Structure formats: structure tokens, C-alpha cells
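Input: a single structure, listed below in C-alpha cells.
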Amino acid sequence: MPPNSSRPDLSVLFITSEVHPLNKTGGLGDVSAALPVALQQLGVDVRLLIPGYPQVLAELKHKRKVTELGDLAQFPPAVLLSARLPVSTSASVPIYIIDCPGLYRRKGGPYTDAAGHDWPDNALRFGLLAKIGAILASDASPLAWRPQVVHCNDWQSGLTPAYLYFHRGTKAASLMAVHNLAFQGVFPPGSVTQLGLPAASFDINGVEYHGKMSFLKAGLYYADHIVSVSPTYAREIQTAPLGFGLQGLLAGRREHLSGIVNGIDSVEWDPATDPCLARNYTANRLAAKAANKRALQQALGLMVDPDILLFGAVSRFTHQKGYDLLLQVAPQLTRIPAQLVILGSGEAALEQQLTLLAKTHPGKIAVRIGFDETLSHLIEAGVDSFLMPSRFEPCGLNQMYSQHYGTPPLVHATGGLLDTVVDCTPATLADGSASGFLFHTMTPGNFLAAIRRVTSAYHDKPTWRRLQKNGMAKDFSWRTSAAAYREIYLSLLSRPSKQARAKPATSKRQRKM
Ligand code: ADP
């Protein structure tokens, strides 16, 4: 029940393929942990649904069997469990877990095996997640609890709106959140009927994408509303190249497409209390930040120097993140002089080139390959400036973490980076909004020019302090964003569904089924 009885009751099923701290490969894991808590604080009854990967089953204590899900024609039998996800000392979120040993209980990542290859049965694995999400969100649910809105995240739950669209009984309204349009969940056309969708849905007005089936397109086409994770990204995906072939569909649905910037979990990410740091600090005790720089330089074998400008980056190594550009400018960077620390993993070629870069510049550049939550926090606190030369960035979290940690970021002006970082100029310094540095075109020359701007600001101590304090004073909490999601949920309850709004042509197609 909402804490404030003047608010209407609102129940939401939040379907996700990852949630911190159970499993996380990127930003979705952070969002799935923090947004539901912020929604709870607004009185929304939100519950998560996630596959029962081994880590999820091992980490969640006090699981309870809710029901068997044995007669799902296309899928192996599964059991629905429930538990509570501990998100802080004072809050927990109800979570449903799909225990289907044949599909989820295996070593490796959520989407790939240990060698990085996609699981060959991903269509079935995430088809099951989406199918059970649709069941729980309709009058076919075995639960007494019924959500009014189902909030899907990325391609892994993209089929839920499609299943709901074709369900003839009562059902929840559906929202499709796009965290990254580059990942689409594309499978052979035969998957459509294998997963129990009508053959007629394999259509340009449906799940078809360049002769294959796309889970993400299904969500974008059938959902009642679409949210992308920043206003700029919501505009960018309506045009090529960032629409990845879906720009026409998205532009056609622009009245049902919003951009809401992500927040950050300000309990997990608080420099005043963060246990991963060598020393905690606040905007009023910024001198203490230096102990983290020293700890980082020592831990990674860099020359210990409190005055040298230390850049940092933490990321997946993919073409999206612009590490090729970083590789091109890194040698010049060491001559500025500056140091660089990089943490991440991903494409083998980038891992090799970055490792070689560090070997060529010992003491000046350090690279750690792998996923290391603790080190990522120390980097945010210990470096002077955080680099994000992403080609595109739907929202991005690290630029917000770094501003919150008094570490002004240098970012490419795209997507959520443009929406959350204010470029340092005389005007923005004067009005107190400057919080980092932007560069507008992805060329080594532009990136280097921006690095030089960082350098001169860094050596102008009053300017640097102002940048740090401006960033730390910004409100990156989930409060505002969660309120925006809540408004959309409420608007969906009073709007005709996508199905009710379907054009006559679609109805004709349905009659043919
Ligand atoms: P994306 O979701 O595209 O990967 P985001 O910036 O939205 O990018 O979120 C990435 C999240 O994952 C951040 O919390 C970041 O610190 C974390 N992360 C990425 N790579 C690593 C890594 N190698 N070690 C620790 N954390 C990482």
C-alpha cells in the first residue's frame, strides 16, 4: 500500500535480465537495483522478475516456492520462486525468480558462455522470461497479485508486450524501456512460432526485422509506451545511424516515446561512506580525495605523484565506447604530462591493444582487464578526470558517478552524456553549472583538444575546485526520474492500449489468424 493514501495504488512488474548485486554486466544491473527502490518510495508496489541464474539462486536467501509453471507448451517446466532483494539496510524489493534448471542453471554469463559466445538457446531462455512476465501481467496469472503496468527492459523482455498484445483476456499496460538499441535479440524466423507467437506477427508491422525475428522490435512495436534512458537518446534513435534500422518505427511512435535520464544509487555511490575507498570525503573535505589518488597509483604501479593529472576509464570494451579513439591519443596524453588508468573487459582485440599500451608506458598507463566493482569505485574517487569517448551513450552512469565523486568527466557530446554533463566555459563557470568537458566530433584531434582543455583547467586550482563542487552539488538521485516513470505508468492506465488503438489493417491481419 502506498505510504500516502491520497496517492492511487499502482502496481508494477519490472522484468529484468540482471540486477546488482546478484548479477551485473552493465548499467541495466544498476538501474534494476535502484529504480524499483525509488518507485517504492513513491508508493508504487513494484516487484522484479528475473531468471534463476546460479548466482541469483545462491545469493537470495529465504526463497519460497510460489507455483509450478509446468504447462508452457513451448518451454521446459519451470518453478516460480519468490524472495526479497536486499537493496539497502532499510529497504528490500519483492523479487520473483524463474527456476528453470535446463535454461538458466549453468556456468557463464547471463547472455554468453565463459568464452563470450552467445548461448545458442537465448531465444528460448529469454522467450521464457518474457512469457512468464506476460502471464503474471494478465488474467492467466496463478498469483493473487496482479500488476497494472509491466515494465520491460531491453530485448530480453521485449516479447512480453507481444505476448500481451495477443492475449485475449485482461492484462497490464506495457512499457518498453530501451537501455541500448544496439542489442536487439535477433533470431531465426522460425523462432516466432517456436515461441508461441502467431505466424502473422512475422510482419513489418510486427516482430520481423530484416528477414529475422527481433525481440527488441517486438517490444518497441507492441508496447503501449516506450522509454529511452535520456531525452537526447530518445531523439537520436529516431534517425540513422543510431536507430539501427528501427528509426522509422520509433519516429512513427514518437508520441508514445519518452526520454527519462537514469539516476544513480546514492547509497552505493556516496564518497562520504563508500567502503571501497582508501579515504572518504565530501565536497567540504575535498583534500581527503588525494588519499584515493595515492592508493590507486600505488595499487596499479603508477608513479606516485599527487600533482600529475590522472585520467581514468571503466567500461565494457566495445566499438560503442570509443576505446579505439583513446588508444590513438593515449601516447600523446603521457607527454602532457598525465597518467591514465583503465579498467574493463570485452573485445579481445581491444583488450590486447590496451594491455600492450600499458606495457609500453609503465608507470604512466595502467590497464586492468576484468570486472572489479571495488576497483571501479576507487577509480571514480582516485582519478582527477574520467574519460568517456563513447560513440553513442544511451544514458551512461559513470559520468554521473564521477561528477558525484568530484571527478569532472570528459565526454563525447552524445545521448545521456550531453544531457548530464555541462561543458566548462566562461559562461557556465560564471553561472555555476560547469561540471565537466564535452567534445563534439569523434576525431583524435577533437578529443586531444578537449584533453588540453582539461589540463589547463586542472592546473587552475580555483577553477578545478569549482568544477568539482558544481558536479558534487548536482542531484543525480533517482527521485526525479522515478516520479517521471510513475507519471507515465499513471497515464497508461487512462489511455487506450496499443491493441485498442490498432489500425484497421492490423485488425484484419488478426482476423486472418
Ligand atoms: P553500459 O550499461 O553501456 O555498460 P553504463 O555507463 O550505463 O554503461 O554502466 C556501466 C556500469 O557497469 C557502471 O556501473 C560501470 O562502473 C560498470 N562497469 C563496466 N565495466 C566494469 C568493470 N570492468 N568493472 C567494474 N564495473 C564495471
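Owing to the predicted nature of the structure, the values given are computational and were not obtained by experimental measurement.
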Fill in: Working for side-chain hydrogen bond (donor to acceptor under 3.5 Å, both in side chains), residues Ser477 and Asp475
CA-CA 6 Å; Ser477 75; Asp475 180 8; 2.8 Å; yes

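- For the residue pair Glu380 and Asn292, no side-chain donor N or O sits within less than 3.5 Å of a side-chain acceptor on the partner.
- In this structure, Leu302 CG and Ile365 CD1 are separated by 9.0 Å, a value rounded to the nearest 0.5 Å.
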Discussion item. The test is salt bridge (charged side-chain N to carboxylate O under 4.0 Å, His left out); show your working for Lys24 and Glu373 and say whether it passes.
Written reply: CA-CA 10 Å; Lys24 165 175 157 183; Glu373 188 77 27; 3.4 Å; yes

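- With contacts defined as side-chain heavy-atom distances shorter than 4.5 Å, the pair Leu350/Leu327 qualifies.
- Listed by first and then second residue, the salt bridge (Lys or Arg N to Asp or Glu O under 4.0 Å) pairs that reach into residues 385-408 are Lys321-Glu393, Asp324-Arg391, sequence neighbours excluded.
- Using a 4.5 Å heavy-atom threshold, the side chains of Phe437 and Ile451 count as separate.
- Judged as a side-chain hydrogen bond (donor to acceptor under 3.5 Å, both in side chains), and not counting sequence neighbours, Ser385 has no contacts.
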Discussion item. With side-chain hydrogen bond (donor to acceptor under 3.5 Å, both in side chains) as the criterion, how do Thr414 and Glu236 come out once you've worked through the C-alpha distance, each side chain's angles and the decisive distance to 0.1 Å?
Written reply: CA-CA 9 Å; Thr414 182; Glu236 288 172 339; 3.2 Å; yes

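- A salt bridge is defined here as a Lys NZ or Arg NE, NH1 or NH2 lying under 4.0 Å from an Asp or Glu carboxylate O, and Asp121 with Arg106 meets this definition.
- Between the NZ atom in Lys293 and the CG atom in Leu378 there is a gap of 13.0 Å [rounded to 0.5 Å].
- Listed by chain and residue number, Asn153 satisfy the side-chain hydrogen bond (donor to acceptor under 3.5 Å, both in side chains) test with His179 (two or more places apart in sequence, or in another chain).
- A donor-acceptor contact closer than 3.5 angstrom is absent between the side chains of Ser435 and Asn470.
- Side-chain contact between Gln297 and Leu310: present, with at least one pair of heavy atoms (C-beta onward) separated by less than 4.5 Å.
- Considering only residues two or more places apart in sequence or on other chains, Tyr485 meets the ring pair (Phe, Tyr, Trp, His ring centres under 6.0 Å) condition with His151.
- A distance-only check finds no donor-acceptor pair linking the side chain of Arg368 to the backbone of Val341 [under 3.5 Å].
- Of the possible donor and acceptor atoms, none in the side chain of Arg279 sits under 3.5 Å from a partner among the backbone N and O of Ala291.
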Worksheet entry | Candidate pair Ser481 and Val261, rule side chain to side chain contact (heavy atoms under 4.5 Å, CB included), full reasoning | CA-CA 7 Å; Ser481 307; Val261 98; 4.2 Å; yes

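- The side chain to side chain contact (heavy atoms under 4.5 Å, CB included) check on Pro101 picks up Asp99, Arg105, with sequence neighbours excluded.
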Fill in: Worked check of side-chain hydrogen bond (donor to acceptor under 3.5 Å, both in side chains) between Thr25 and Glu18
CA-CA 8 Å; Thr25 68; Glu18 51 185 273; 2.7 Å; yes

Practice prompt. Could you give me the CA-CA distance, side-chain angles and deciding distance for Tyr281 and Asp274, then say whether side-chain hydrogen bond (donor to acceptor under 3.5 Å, both in side chains) is met?
Written response: CA-CA 9 Å; Tyr281 58 94; Asp274 190 334; over 6 Å; no

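- When the ring pair (Phe, Tyr, Trp, His ring centres under 6.0 Å) test is applied to Phe311, no partner is found at least two apart in sequence or on another chain.
- Tyr458 meets the ring pair (Phe, Tyr, Trp, His ring centres under 6.0 Å) test with Trp464; sequence neighbours excluded.
- A distance of 12.5 Å separates NZ of Lys289 from OG1 of Thr282, quoted to the nearest 0.5 Å.
- Of the inter-residue distances, the one linking Leu220 atom CG with Leu181 atom CG reads 6.5 Å to the nearest 0.5 angstrom.
- The list of ring pair (Phe, Tyr, Trp, His ring centres under 6.0 Å) pairs with a residue in residues 352-377, not counting sequence neighbours, reads Trp269-His377.
- With hydrogens and angles ignored, the 3.5 Å screen pairs a side-chain donor or acceptor of Tyr405 with a backbone N or O of Asp270.
- In this structure, Thr334 and Leu340 have side chains that are not in contact, with every pair of non-hydrogen atoms separated by 4.5 Å or more.
- Distance alone, capped at 3.5 Å, is enough to place a donor-acceptor pair between the Gln468 side chain and the Gly406 backbone.
- Taking the side chain as every heavy atom from C-beta outward, Leu309 and Gln339 never approach each other to under 4.5 Å.
- In this structure, Pro54 has no side chain to side chain contact (heavy atoms under 4.5 Å, CB included) partners at least two apart in sequence or on a different chain.
- Remark: Tyr323 engages Phe317 in a ring pair (Phe, Tyr, Trp, His ring centres under 6.0 Å) (not counting sequence neighbours).
- Annotation: side chain of Ile336 is not in contact with side chain of Gln332 (no heavy-atom distance under 4.5 Å).
- In this structure, Tyr111 and Phe126 have tilted ring planes: the angle between them lies in the 30° to 60° band.
- Partners of Thr160 by side-chain hydrogen bond (donor to acceptor under 3.5 Å, both in side chains), not counting sequence neighbours: none found.
- Each of Asp30, Thr407, Asp265 was evaluated against Tyr401; a single residue qualifies, Asp30, per the side-chain hydrogen bond (donor to acceptor under 3.5 Å, both in side chains) test.
- Salt bridge absent: Asp305 and Lys364 never bring a charged side-chain N and a carboxylate O closer than 4.0 Å.
- Side-chain contact of Thr232 with Arg235: a donor-acceptor pair under 3.5 Å is present, judged by distance alone.
- The closest donor-acceptor contact from the side chain of Lys65 to the backbone of Leu80 lies at 3.5 Å or more, if one exists at all.
- With rounding to the nearest 0.5 Å, the separation of CZ in Phe476 from NE2 in His404 is 9.0 Å.
- Between the side chain of Lys63 and the backbone N or O of Leu57 there is at least one donor-acceptor pair closer than 3.5 Å.
- Of the possible polar contacts, one joining the Trp478 side chain to the Gly263 backbone as a donor-acceptor pair under 3.5 Å is found.
- For the atom pair OG of Ser32 and CD1 of Ile95, the computed distance is 9.0 Å after rounding to the nearest 0.5 Å.
- Counting non-hydrogen atoms of other residues, nucleotides and ligands closer than 6.0 Å to NZ of Lys461 gives a total above 12.
- Of the listed residues (Gln399, Gln403, Lys474), just one forms a side-chain hydrogen bond (donor to acceptor under 3.5 Å, both in side chains) with Thr420, and that residue is Gln399.
- Here Arg47 pairs with Asp45, Tyr96 under the side-chain hydrogen bond (donor to acceptor under 3.5 Å, both in side chains) rule; sequence neighbours left out.
- Checked by atom type and distance alone, the side chain of Gln40 pairs as donor or acceptor with a backbone atom of Ser92 at under 3.5 Å.
- Remark: side-chain polar atoms of Thr112 are not paired, donor with acceptor, to backbone N or O of Gly108 under 3.5 angstrom.
- A donor-acceptor pair is defined here as one N or O able to donate and one able to accept, closer than 3.5 Å; no such pair exists between the side chain of Asp113 and the backbone of Gly109.
- More than 12 heavy atoms of other residues, nucleotides or ligands shown are found within 6.0 angstrom of CZ on Arg316.
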